[in-house]
2 protein chains.
Amino acid sequence: MQFENAQAEKKYYETEASEADFIKWYKSQDLPKYETPSVTIDNVMFSYNREEDQMKMLLIKRKAHPFKDSWALPGGFVNPSESTGESCLRETKEETGVELTELNIEQLYTFSTPNRDPRGWVITTSYLAFLNQEALTAGDDASDVKWFNIQLKGDQLCLSADDIEIQVDIKKEEMLDESPERLAFDHVKIISTAFNRIIGKMYYQPRVLTVLGESFTITEARKVFSKFLGVDYRTIDHSNFKKDLLKFVKEVDERPTGVGRPSKFYALNIPYLK
Amino acid sequence: MQFENAQAEKKYYETEASEADFIKWYKSQDLPKYETPSVTIDNVMFSYNREEDQMKMLLIKRKAHPFKDSWALPGGFVNPSESTGESCLRETKEETGVELTELNIEQLYTFSTPNRDPRGWVITTSYLAFLNQEALTAGDDASDVKWFNIQLKGDQLCLSADDIEIQVDIKKEEMLDESPERLAFDHVKIISTAFNRIIGKMYYQPRVLTVLGESFTITEARKVFSKFLGVDYRTIDHSNFKKDLLKFVKEVDERPTGVGRPSKFYALNIPYLK
DNA sequence: CGAATAGTGTCTTTAAGACAATATGCC
DNA sequence: GGCATATTGTCTTAAAGACACTATTCG
């Protein structure tokens, strides 16, 4: 990282000033600034509804230009006092009321193509966020907030809510032309990247399972995995799946009732998510 | 992504203006701006010297405050007309004279902890860059540019050049106290992240092999891998290693002379690096 | 030919996957 | 008991790893 402000700095460092003195001096200067971009975060937020056995992703309908009436990922500006990760946690709280920790989120990728926002220079760092509940505060008046059911068939992702359908090819990173709904900005790319990341990492760092909250059964984990593999969960062999998963979880005692043999409960081993 | 500038925008979108009209109007406004950070890229650049059988990483000695006399990763400001990836390629060219492509680089992580730069708000997106030659233009007068030999023993990374030694624990992401040299900013974290990423991905996306240029032998690939595994390359079984590697490479005809049976040459299959 | 190095083949061990058998709780 | 569901165990198949053998070139 270089941050040479040419003349002024150079003159200064040639004196044998201390670091502290330098900073004090530096901040007192009103140095000519480089042009700087707006920096935002975009959240690819997931939740899982046990009753419906549905994996869901949050999108917001834009009521303002640009991309008026298109669907967009929730997000917002990064504040000078916070890291992008903290920004992601704050936005999630504001948007859904859910308080997450660093274990529930993962930095995805930073998108910075010039003109990705028609209004000007905006760089965004995207995050995966896994909520342990399908919670939602009322959308503000500028937006229409919806949890979309996700369904994968091969490389094709279908997002649906009520009568709305959005279809994406997550390898080509583009929408299928059929769907009348649009995605704003480069959010097709972000969403595609998100799914590819989750699919690629779930067998060695299954952070996606934090959608199941504190504890869960093997079968629930199978169901979550099946959503990203695009298969029925029963095609994932319980016995073999458990062998794999045991590397990442520990048994916790908790045995609720229900039909059939009660299942054991497991919790994720924190160290594997770091 | 939200970019609500409150009143002004709201008033406008309520009219039924087109998107193009909106942008024209928007740019004509001199809207109050949020505070924006400087955005930089930092490069973790690697090269491999066949003669010495040495993997190398580039560091620059800072001659100015802050972190005067510490070693830092090469990098620089992102321009409004370029993505961070393009910025990385440009900086690499400026710093070393080597012209890379997107296949040689990989976005690593975006670091944004407040106060990571004592001068103010600076966010950096870090990149891995694999040069196919140990090239270097003369360092400018503000810097002392050196290729450090890298050596791993377990989690301990040792960077050495001439009589200089820098030791890092790449799991704890901190320097060992012994070494008198310092690393600037949060570059210990960036470097640690870089090694962990390379190690984690080399068996399923061995982009690191682009340090070997257009074509290479199995043994050369073993040598490169061994540097990141912290072992002698002869402990990596040639036969088994080849079985793995064949998934990612194709044979090219080229057979130079030398002692021993001449080895076949291979080139990376581009699709695996995308 | 012998040393050096690369390539190929085989055997063993381990992990992955398919499938069957057993266990538990509710009705 | 019968059904539903979960757990456990076994057998088969495929991948990973260790190791031995063959091939090619140079001096």
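Convention: sequence-line order gives letters A, B, ...; per-chain numbering from 1. Side chains included, hydrogens not; waters and symmetry mates left out as well; all remaining heavy atoms used. Everything quoted here is computed from the prediction, not taken from an experiment.
- Between A:E220 atom CD and D:dT5 atom P the separation is 14 Å, expressed in whole Å.
- We find that OH of B:Y233 is positioned 6 Å from P of C:dA6, with the value rounded to whole Å.
- Residues passing the side-chain contact (heavy atoms from CB on, under 4.5 Å) test with B:K247 are B:D244, sequence neighbours excluded.
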Notebook entry, point to check: Just by protein heavy atoms under 4.0 Å, how would nucleotides 17-27 of chain C read 5' to 3' in B, S and -?
Noted result: BBB---BBSS-
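- When the side-chain contact (heavy atoms from CB on, under 4.5 Å) test is applied to B:S112, the partners found at least two apart in sequence or on another chain are A:S83, A:T84, B:I123.
- Summarising the geometry, the separation between CZ on B:F265 and P on D:dT24 is reported as 17 Å, rounded to the nearest angstrom.
- Separating the CZ atom of B:R234 from the P atom of C:dA4 is a distance of 12 Å, rounded to the nearest angstrom.
- Residue B:I236 contributes atom CD1, which lies 15 Å from atom P of C:dG7 at whole-angstrom precision.
- Across all strands shown, B:T217 has no heavy atoms under 4.0 Å from either base or sugar-phosphate atoms.
- Listed by chain and residue number, A:Q167, A:L176 satisfy the side-chain contact (heavy atoms from CB on, under 4.5 Å) test with A:E178 (two or more places apart in sequence, or in another chain).
- Between the side chains of B:T113 and B:D186, no donor-acceptor pair is found at a separation under 3.5 Å.
- The CZ atom of B:R222 sits 11 Å away from the P atom of C:dT5 (whole-angstrom rounding).
- Distance B:F216 CZ to C:dA6 P: 14 Å, rounded to the nearest Å.
- OP1 and OP2 of D:dT5 both lie 4.0 Å or more from every side-chain N or O belonging to A:H238.
- Listed pair B:K264 / D:dA23 fails the phosphate criterion, with no side-chain N or O lying under 4.0 Å from OP1 or OP2.
- At a cut-off of 3.5 Å, with distance as the only test, no side-chain donor of B:D42 or B:S126 sits close to an acceptor on the other residue.
- Regarding B:I218, its CD1 atom lies at a distance of 6 Å from the P atom of C:dG7, rounded to whole Å.
- In this structure, the ring-ring contact (aromatic ring centres under 6.0 Å, His included) partners of B:Y109, at least two apart in sequence or on a different chain, are B:F111.
- Under the rule for a ring-ring contact (aromatic ring centres under 6.0 Å, His included), the partners of A:F228 that lie at least two apart in sequence or sit in another chain are A:F46, A:F195.
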